[in-house]
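Residue numbering restarts at 1 for every chain, and letters A, B, ... go by the order of the sequence lines. Basis for what follows: all heavy atoms, side chains included, without hydrogens, waters or symmetry-related copies.
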2 protein chains.
Amino acid sequence: MSLRAVKPQHETRTRILDTAEELFMLHGFEGTSMRVLTASAAVNLAAVNYHFGSKDALIEALFRRRLDPMNAARIAELDRLEIDAKGRALSPDEIIRAFIGPSLLLMEDAKGGGRNFIRLLGRTYTEPTKPIRVLIGQLYVPTMARYKAALERALPHMPGGELIWRMHFMFGTLAYTLAATDTVQLIAGCKPEDRYDARLLEDRLTSFLAAGLNAPLKQTVKKAA
Amino acid sequence: MSLRAVKPQHETRTRILDTAEELFMLHGFEGTSMRVLTASAAVNLAAVNYHFGSKDALIEALFRRRLDPMNAARIAELDRLEIDAKGRALSPDEIIRAFIGPSLLLMEDAKGGGRNFIRLLGRTYTEPTKPIRVLIGQLYVPTMARYKAALERALPHMPGGELIWRMHFMFGTLAYTLAATDTVQLIAGCKPEDRYDARLLEDRLTSFLAAGLNAPLKQTVKKAA
DNA sequence: GTCTATAGACGGATAGAC
DNA sequence: GTCTATCCGTCTATAGAC
């Protein structure tokens with residue numbers, strides 16, 4: 001194993017992945033050509049096909065690189081909390097923080113490109129039809145099942161069909177917050193001071209989400225039972 | 001003004017706009033070619049350039065057609081509420097319903113293509129860099145200013161810098177809910193029964209959002225003042 | 001592993017007949 | 001207003017030299 005022989009390979013792969021995260025985040029998948037991508041990554045045009053096989057395979061590798069550790073961290077954090085709780089039900093607050101924590105960790109990682117990925121991820125949630133959505137769905141299945149069970153214990157009075165909507169809202173708020181922060185701040189007018197203060201953002205999100213999760217459903221005039 | 005002469009023009013324009021809403025929603029702007037679009041709309045390939053000038057101009061026309069009436073309705077509804085209130089501050093509930101109502105109205109309009117537009121809109125919020133984002137931002141400026149003022153009155157104890165984040169979360173939840181409902185239901189597993197019951201969705205969203213808006217900010221260990 | 005060159009398909013836009 | 005034919009650029013992917 002020569003040192004000079006394997007390092008460039010990993011460097012090229014990594015440089016492609018990092019650049020792809022940024023460009024896909026900025027311009028979308030269809031909006032980013034392999035020509036621009038490889039030029040921006042300072043690698044050869046043929047390198048993507050050599051290392052990943054195709055553009056689609058690159059996208060899949062890109063998501064797996066970040067999502068596998070992120071969801072593993074989410075489950076590990078929930079495991080840790082439940083062991084510490086020794087049978088006591090967790091609070092919604094704790095569960096929410098365990099879920100959004102790994103996202104915010106990546107969000108703070110501006111230098112390593114984690115922030116690019118997080119924004120790309122939020123963007124991708126709202127893109128239907130693509131095989132990517134199916135891939136993401138698969139990667140999330142175990143995590144979602146795990147968190148749904150935890151929330152059911154934490155919110156025993158929540159009707160069965162209701163919880164799935166609350167999780168949906170929670171999920172949406174998180175995805176959107178991470179993905180579109182700049183857009184809304186542009187719409188609403190906001191100074192870029194603590195825009196990326198992940199700790200404060202975690203507090204803000206947790207306060208908002210926990211209150212929303214706990215809220216009783218106030219129904220207006222209903223027609224039938 | 002011959003009857004036969006002007007009707008086909010409007011029909012072609014409308015058919016292009018309706019088809020574009022659906023295809024852009026499904027595949028994105030870059031992912032939808034003029035060839036596929038015109039074929040699907042059963043119009044000639046050159047028709048888009050004849051009627052709109054370019055693909056970009058078509059996109060702008062598409063957004064203006066829906067957003068202008070929608071935001072006008074939002075402002076009109078708030079005006080109406082404030083007149084009825086005769087000086088009393090509105091409740092967050094009322095304000096939230098005034099804001100999300102017009103979206104849900106479009107959401108219910110499956111036949112007229114409103115639902116396609118709503119999902120396209122949610123999708124577009126998370127797409128940075130494009131001129132479309134700037135256009136949308138401009139179209140929203142008056143509405144956002146109006147609602148920010150109303151919420152400041154409704155939530156007098158909310159610190160100044162905090163409200164903008166709550167609005168951000170509210171906005172995100174709405175956008176995401178409308179845009180990605182199918183995705184999350186795919187991830188989380190949910191039956192498609194009352195998926196598009198807008199009335200129930202309004203109740204759910206309002207309960208969730210009002211609780212989140214009102215929630216005090218619970219801060220964890222803080223470093224400095 | 002990296003590069004150049006190119007194949008082969010598809011993109012938006014338009015000219016000009018009808 | 002509608003249509004066909006076409007220009008010209010860009011796309012992904014690959015073959016083959018080094």
Novice: Could you tell me how the ring of A/F169 sits relative to the ring of A/W165: parallel (under 30°), tilted (30 to 60°) or perpendicular (over 60°)?
Specialist: tilted
Novice: Taking 4.0 Å as the cut-off, does a side-chain nitrogen or oxygen of B/T12 come that near to OP1 or OP2 on D/dG1?
Specialist: no
Novice: Side-chain donor-acceptor contacts of residues 92-104 of chain A below 3.5 Å, not counting sequence neighbours, with atom names and distances?
Specialist:
unit_1	atom_1	unit_2	atom_2	d
A/E94	OE1	A/S91	N	3.0
A/E94	OE1	A/S91	OG	3.4
A/R97	NH1	A/E202	OE2	3.1
A/R97	NH1	A/D203	OD1	3.2
A/R97	NH2	A/D203	OD1	3.3
A/S103	OG	A/R74	NH2	2.6

Novice: Not counting sequence neighbours, list each pair that qualifies as a ring-ring contact (aromatic ring centres under 6.0 Å, His included) and has a residue in residues 100-119 of chain A.
Specialist: A/F63-A/F117
Novice: Atom CZ of B/R15 and atom C1' of D/dG1: how far apart are they, to the nearest Å?
Specialist: 13 Å
Novice: For A/D79, which residues count as a side-chain hydrogen bond (donor to acceptor under 3.5 Å, both in side chains) partner, sequence neighbours excluded?
Specialist: A/R146
Novice: Can you give me the dot-bracket string for DNA chain C, 5' to 3', counting Watson-Crick and G-U wobble pairs with both distances under 3.5 Å, using [ ] for crossing pairs and | for partners on another strand?
Specialist: ||||||||||.|||||||
Novice: Run the numbers on B/Y140 and B/Y147 for ring pair (Phe, Tyr, Trp, His ring centres under 6.0 Å), then give the verdict.
Specialist: CA-CA 11 Å; B/Y140 267 94; B/Y147 272 78; over 10 Å; no
Novice: Does A/E21 come within less than 4.0 Å of A/R119, counting only side-chain N to carboxylate O?
Specialist: no
Novice: Tabulated below should be each protein N or O lying under 3.5 Å from an N or O of nucleotides 10-16 of chain C; please produce it.
Specialist:
unit_1	atom_1	unit_2	atom_2	d
C/dG11	OP1	B/S33	OG	3.2
C/dG11	N7	B/R35	NH1	3.4
C/dG12	OP1	B/M34	N	3.3
C/dG12	OP1	B/K55	NZ	2.9
C/dG12	OP2	B/M34	N	2.6
C/dG12	N7	B/R35	NH1	2.8
C/dG12	O6	B/R35	NH2	3.0
C/dA13	OP2	B/K55	N	3.1

Novice: How close or far is atom P of D/dT10 from atom NE2 of A/H27, stated in whole angstroms?
Specialist: 16 Å
Novice: I need the CG-C1' distance between A/N44 and C/dC3, as an integer number of Å.
Specialist: 5 Å
Novice: What is the distance, rounded to the nearest whole Å, between atom NE2 of A/H51 and atom C1' of C/dC3?
Specialist: 12 Å
Novice: Does anything in residues 53-62 of chain A form a side-chain hydrogen bond (donor to acceptor under 3.5 Å, both in side chains)? List the pairs, not counting sequence neighbours.
Specialist: A/E60-A/R64
Novice: Would you call B/D18-B/R65 a salt bridge at under 4.0 Å N-O?
Specialist: yes
